[in-house]
2 protein chains.
Amino acid sequence: MSTKEKIVDAAFGLFSQKGYLGTTTKKIALHAGVSEVTLFRHFGSKESIFEEVIQSKSFLPDLKNLIPKLENLSLKDTLLEIATENIKKLIMKKGAIKIFFSEVDRYPQKVKESHNNMCNALDNTLITFLKSKKELSNFSEEDLIIITKTIWYLIFGYFLDTVIIKNDDINLSNFRKMFSKKIDFLINGIK
Amino acid sequence: MSTKEKIVDAAFGLFSQKGYLGTTTKKIALHAGVSEVTLFRHFGSKESIFEEVIQSKSFLPDLKNLIPKLENLSLKDTLLEIATENIKKLIMKKGAIKIFFSEVDRYPQKVKESHNNMCNALDNTLITFLKSKKELSNFSEEDLIIITKTIWYLIFGYFLDTVIIKNDDINLSNFRKMFSKKIDFLINGIK
DNA sequence: CCATAGTGTAAGTAAGCACTTACATATAAA
DNA sequence: TTTATATGTAAGTGCTTACTTACACTATGG
């Protein structure tokens, strides 16, 4: 791993745990296993380390790779797979998400942009996919958007509640059990 | 308003916008319209100002006041009223919620505690209420918990997405329209 | 052998921070 | 009038921070 990468990795870990202001260049250097001067020689300032971190650690969800696997599944199983895949992704990117939340006001544009990209990518892929399901063929575009948001909020709400706030680990099989029930309710209604 | 209150209010505003480390005692004093020394005479340290802020600005949702109004409504309208009431509350407490999110790692116990209290209060009131609805009499306790969480995540997810991340204002009538559809799907199913 | 690029150590700088001290002022109760 | 209480101003202390400068070391390629 190059010196630059070591620095970015260390900075990422610290920023996500302690926030931007709670992280010192000294600690970044220490965690990266380099001297503080080296850090400034590579990046010039703490600010530009942060920018590099946001750029390199932000992410787009890649539902596209998942779609082939879903062709022959029922609507319920499909949604369950999508939810599982996404919660895994969220867990992997926990650090980045924490940074986004605590630095929203420091870098409003970047955070907003990144969030919008992420959501749009997710929404579009999911909507396109839902359109192709015969069970949902009678729904309007508008309705599908609402259904998509519903599913997304269920995943995101659970993630924030459990991982970010309670800081518990997610047990994937428990998550699937829970989510499976929620989807049941959504598909069949609670009435 | 007493000097103490002025200080706590100013600190609250700044903490929620800039975070704990991003807020200086100088700025708190300035915003409160008092001198910095006065601030230390009252609280002794920045830390204890923060503690006062968390204590005085944290909140429990009070669904209880709402319940009488809900007696004669349909399940759907009931849930819609509850959601509306809660999103209003969340908006009012936006600042406190922002502080919770950005200071989770600084004060894990307090934030966790506060969050758990809030969620439990909400869950319990809502579950008790749902139990009383005849439409839901055939559901188990476990199912009702899941339904409760589903509703809560829909509200919370929307709030975070719109208010915290996008920093948009919530148009209550739009929210109700959206949420009404989501509840329709939940009650009647999407199949 | 020499030049270059990347690194380390040590020391320091200027600024900002939480917090303190000393002293003056105002108000209101005794 | 005196006294206690709450405030303000001004100055300063000690610490930490991001960032700099100067110099020495090592490895690699020509």
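Proteins get letters first, then strands, A, B, ... in listed order; numbering begins at 1 in each.
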Report task. Give a yes/no answer on whether the side chain of B:Ser45 brings an N or O atom under 4.0 Å of OP1 or OP2 in C:dA18. Result -> no
Query - Rounded distance (Å) that lies between atom C1' of C:dA18 and atom CZ of B:Phe15 - result: 12 Å
**Report entry** Length of the CZ-P vector between A:Phe40 and C:dT9, whole Å
**Finding:** 16 Å
Requested in this report: Using a heavy-atom cut-off of under 4.0 Å over every strand shown, decide if A:Val34 touches base, sugar-phosphate, or nothing.
Outcome: sugar-phosphate
Query raised in the report: Does A:Tyr20 offer a backbone N or O that forms a donor-acceptor pair with the side chain of A:Lys46 under 3.5 Å?
Result: yes
Requested in this report: Before accepting this row, confirm whether a basic side-chain N of the pair A:Glu52/A:Lys57 lies closer than 4.0 Å to the acidic partner's carboxylate O.
Outcome: no
Query raised in the report: Rounding to a whole Å, what distance do you find between B:Leu30:CG and C:dC17:P?
Result: 13 Å
Requested in this report: Taking the six-membered ring of A:Phe43 (Phe, Tyr or Trp), confirm whether the NZ or CZ of A:Lys4 is under 6.0 Å from its centre and within 45° of its axis.
Outcome: yes
Query raised in the report: Taking the side chain of B:Lys46 as heavy atoms from C-beta outward, which of D:dC19, C:dA18, C:dT7 is closest to it?
Result: C:dA18
Query raised in the report: Has B:His42 got a side-chain N or O lying under 4.0 Å from the OP1 or OP2 atom of D:dT7?
Result: yes
Query raised in the report: Atom CZ of B:Arg41 to atom C1' of C:dT21: distance rounded to whole Å?
Result: 11 Å
Query raised in the report: Counting side-chain heavy atoms from C-beta on, which of D:dA10, C:dT9, C:dA18 comes nearest to B:Val37?
Result: D:dA10
Query raised in the report: Over how many whole Å does the gap from B:Lys26 atom NZ to C:dA18 atom P extend?
Result: 10 Å
Query raised in the report: Side chain of B:Thr148, backbone of B:Leu126: donor and acceptor closer than 3.5 Å?
Result: no
Requested in this report: Identify whether any heavy atom of B:Ser2 sits under 4.0 Å from a base atom; if not, whether one sits that close to sugar-phosphate; answer base, sugar-phosphate or nothing.
Outcome: nothing
Query raised in the report: Taking only N and O in the side chain of B:Thr3, is any of them less than 4.0 Å away from OP1 or OP2 of D:dT7?
Result: yes
Query - Rounded interatomic separation in angstrom, taking CZ from A:Phe50 and P from D:dA18 - result: 14 Å
Query - Rounded interatomic separation in angstrom, taking CD from A:Glu36 and P from D:dT21 - result: 15 Å
Query raised in the report: What nucleotide, of C:dG8, D:dT9, C:dA18, holds the atom closest to the side chain of B:Ser35?
Result: D:dT9
Query raised in the report: Want to settle it: does A:Gly44 or A:Lys27 sit nearer the 5' end of DNA chain D, counting the closest nucleotide to each?
Result: A:Lys27
Query raised in the report: Are the side chain of B:Thr162 and the backbone of B:Phe159 linked by a donor-acceptor contact shorter than 3.5 Å?
Result: no
Requested in this report: Nearest whole angstrom, please: distance from the P of D:dT16 to the CG of A:Leu21.
Outcome: 17 Å
Requested in this report: Kindly say if A:Thr24 contacts the phosphate of D:dT16, meaning a side-chain N or O under 4.0 Å from OP1 or OP2.
Outcome: no
